[in-house]
Asks: 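Take a look at the following structure, please.
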Number of protein chains: 2
Amino acid sequence: MSDPETDPEILLRDFLGYHLKRAYVTVHADFRDIMGDAGLSTRVFSALAMVVGQQGITQSELARALGVERSGMVALIDELEGADLIRREPVPGDRRVQALQPTDRGVARFDELVALVRAHEARCFAGLDDTEKDMLLHLLHKVRMGGVTT
Amino acid sequence: MSDPETDPEILLRDFLGYHLKRAYVTVHADFRDIMGDAGLSTRVFSALAMVVGQQGITQSELARALGVERSGMVALIDELEGADLIRREPVPGDRRVQALQPTDRGVARFDELVALVRAHEARCFAGLDDTEKDMLLHLLHKVRMGGVTT
DNA sequence: TCGAATTGTTTAGTTCCATAACAGTTACAG
DNA sequence: CTGTAACTGTTATGGAACTAAACAATTCGA
């Protein structure tokens, strides 16, 4: 089993949640490092990806998709709009909502960022072969979906 | 594959890091819910587990083991000491360090908490069978260790 | 038509964490 | 020995990533 002299995580190692957090922190730190020059956080990148992937999505829809509060989206969208990567557009039928559209610059920038993120992921998950990566992704997805029946 | 109409996460779903974060947030939220009554955060629980598992560990060693800064440990240890779950003890040979020992109350409390956390994990990972849980734990451990060669 | 619900927004606050500096202590090179 | 480097716990400060509550404008629905 485990030798208390060499492994300090005697009791903690049995908890999946602990390993999940440590892995997340490790990967997130590397993301911050690689994106430091670009100045984009994970949330901002995720939001940009979502807008590029589903053009015309509203802020509320985006918040729901990303699992954060509406109020938290404002500063995030402000940042992306300030960088001229996306823009808010009024929607003819409903004057409450604003559809989010990526600018040409936003789409181009997103492609560059994807290359950076792919390199980051390649490095973070270098210890896993393709089969293991697929398995990990599948299991993580299952964990997220298992709790809440959308 | 994916239908853009039904799956808004068109571009994001290919990134392991995104799924890792979402799964972490989901599990962490459930942890907060179940431990809300006890009033202990994940970090405090982890620290208590570590002290119980390796009695006499110093604050610096604990910080290294948990992957946080020394300065961040102080308030955390204060909280545990204030709740009479652990105590700081001087070490004969070295007047700089303080060995952390769990109190009897701390050990008893930890056992109660472990039961809570096991229930929490059972619920969060209910969608996975035992083989999948083992696989997930193994993969997450590999991710954390792959990046940094300690 | 009038109350309920939704949208984007602001404000305020929480939590978790890092960075930098510090005084006290120990280790070590010369 | 001695002076310097390194390490310990600690404080102060601040930032990042949220959440909760309230708000006006708008739309929906009975």
Side-chain angles (χ1 to χ4, degrees), chain A residues 17-18 21-22 24-33 35-36 38-47 51 56-82 86-101, chain B residues 17-18 21-22 24-33 35-36 38-47 51 56-82 86-101:
Chain A
Y18 177 71
K21 176 170 187 172
R22 293 300 297 265
Y24 163 69
V25 169
T26 300
V27 171
H28 193 257
D30 188 84
F31 187 96
R32 281 191 64 91
D33 286 347
M35 296 289 270
L40 289 188
S41 65
T42 51
R43 291 180 318 144
V44 175
F45 173 76
S46 296
V51 172
I57 190 174
T58 69
Q59 285 185 215
S60 287
E61 290 168 349
L62 184 54
R64 272 191 293 272
L66 292 177
V68 302
E69 287 296 315
R70 280 196 329 277
S71 60
M73 296 302 307
V74 180
L76 200 149
I77 301 297
D78 284 350
E79 185 177 340
L80 282 170
E81 198 174 34
I86 71 172
R87 61 175 182 277
R88 299 182 228 230
E89 285 195 343
V91 171
D94 191 335
R95 274 184 298 178
R96 290 174 303 181
V97 309
Q98 283 175 297
L100 303 175
Q101 297 286 350
Chain B
Y18 178 71
K21 176 171 187 172
R22 292 300 297 266
Y24 163 69
V25 169
T26 300
V27 171
H28 192 258
D30 189 85
F31 187 96
R32 280 191 64 91
D33 285 347
M35 296 290 270
L40 289 188
S41 65
T42 51
R43 291 181 317 146
V44 175
F45 172 77
S46 295
V51 172
I57 190 174
T58 69
Q59 285 185 215
S60 287
E61 290 167 349
L62 184 54
R64 272 191 293 271
L66 291 178
V68 301
E69 286 297 313
R70 284 196 325 280
S71 60
M73 296 302 307
V74 180
L76 200 148
I77 301 296
D78 285 348
E79 184 176 340
L80 282 170
E81 199 175 33
I86 71 171
R87 61 176 181 277
R88 299 182 228 231
E89 286 194 342
V91 171
D94 191 335
R95 274 184 297 179
R96 290 173 302 181
V97 308
Q98 281 175 300
L100 302 174
Q101 297 286 351

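Here is how names work: the chains are called A, B, and so on, in the same order as the sequence lines, proteins then strands, and each is numbered from 1. Values in this document were obtained by computation on a predicted structure and should not be read as measured data.
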Asks: Which is more 5' along DNA chain C, the nucleotide nearest A:Arg64 or the one nearest A:Lys21? Just name the residue.
Replies: A:Arg64
Asks: For residues 69-79 of chain B, pull every pair meeting salt bridge (Lys or Arg N to Asp or Glu O under 4.0 Å), keeping only residues two or more places apart or in separate chains.
Replies: B:Asp78-B:Arg88
Asks: Listed by chain and number, what are the side chain to side chain donor-acceptor pair (under 3.5 Å) partners of A:Thr42, not counting sequence neighbours?
Replies: A:His28, B:Lys21
Asks: Looking only at non-hydrogen atoms, find the nearest pair between A:Ser46 and B:Tyr18 and report the distance.
Replies: OG-CD1, 3.9 Å
Asks: Counting side-chain heavy atoms from C-beta on, which of C:dT9, D:dT8, D:dC18 comes nearest to A:Arg43?
Replies: D:dC18
Asks: Can you name the residues that form a salt bridge (Lys or Arg N to Asp or Glu O under 4.0 Å) with A:Arg95, not counting sequence neighbours?
Replies: none
Asks: Which residues, if any, of residues 72-82 of chain A bring a heavy atom under 4.0 Å of DNA chain D?
Replies: A:Gly72
Asks: If I take atom OH in residue B:Tyr24 and atom P in nucleotide C:dC16, what distance separates them, rounded to the nearest angstrom?
Replies: 9 Å
Asks: Quick one: B:Arg88 CZ to D:dT8 P, roughly how many Å, whole number?
Replies: 15 Å
Asks: Just jot down the salt bridge (Lys or Arg N to Asp or Glu O under 4.0 Å) partners of A:Glu61, sequence neighbours excluded, or say none.
Replies: none
Asks: Can you work out whether A:Val25 or A:Arg70 has the more 5'-proximal nearest nucleotide on DNA chain C?
Replies: A:Arg70
Asks: Which heavy atom in A:Gly17 sits nearest to a heavy atom in B:Val27, and how many Å separate them?
Replies: CA-CG1, 4.5 Å
Asks: Which protein N or O atoms sit under 3.5 Å from an N or O of nucleotides 25-27 of chain D?
Replies:
from, atom 1, to, atom 2, distance (Å)
D:dT27, OP1, A:Arg95, N, 2.6
D:dT27, OP2, A:Arg95, NH2, 3.4

Asks: Just how far, in rounded Å, is P of C:dC16 from CG of B:Leu66?
Replies: 14 Å
Asks: Given the structure, check if the side chain of B:Ser71 and the base of C:dT19 hold any donor-acceptor pair shorter than 3.5 Å.
Replies: yes
Asks: Taking only side-chain nitrogens and oxygens of A:Gln59, does any of them come within less than 4.0 Å of OP1 or OP2 of C:dT6?
Replies: no
Asks: Considering just the side-chain nitrogens and oxygens of A:Ser41, establish if one lies under 4.0 Å of OP1 or OP2 belonging to D:dA16.
Replies: no
Asks: What is the separation between atom CD1 on A:Ile57 and atom C1' on C:dG8, rounded to the nearest whole Å?
Replies: 15 Å
Asks: Starting from P on C:dC22, measure out to CD on B:Glu69 and report it in whole angstrom.
Replies: 18 Å
Asks: Without decimals, in angstroms, what is the distance between A:Gln98 CD and D:dA24 P?
Replies: 19 Å
Asks: By salt bridge (Lys or Arg N to Asp or Glu O under 4.0 Å), which residues pair with B:Asp94, not counting sequence neighbours?
Replies: B:Arg96
Asks: Would you please name every residue forming a salt bridge (Lys or Arg N to Asp or Glu O under 4.0 Å) with B:Arg87, sequence neighbours left out?
Replies: B:Glu89
Asks: Determine, stepwise, if the pair A:Thr58 / A:Leu100 fulfils side chain to side chain contact (heavy atoms under 4.5 Å, CB included).
Replies: CA-CA 6 Å; A:Thr58 69; A:Leu100 303 175; over 6 Å; no
Asks: Tell me the interatomic distance from A:Met35, atom CE, to D:dA16, atom C1', rounded to whole angstroms.
Replies: 16 Å
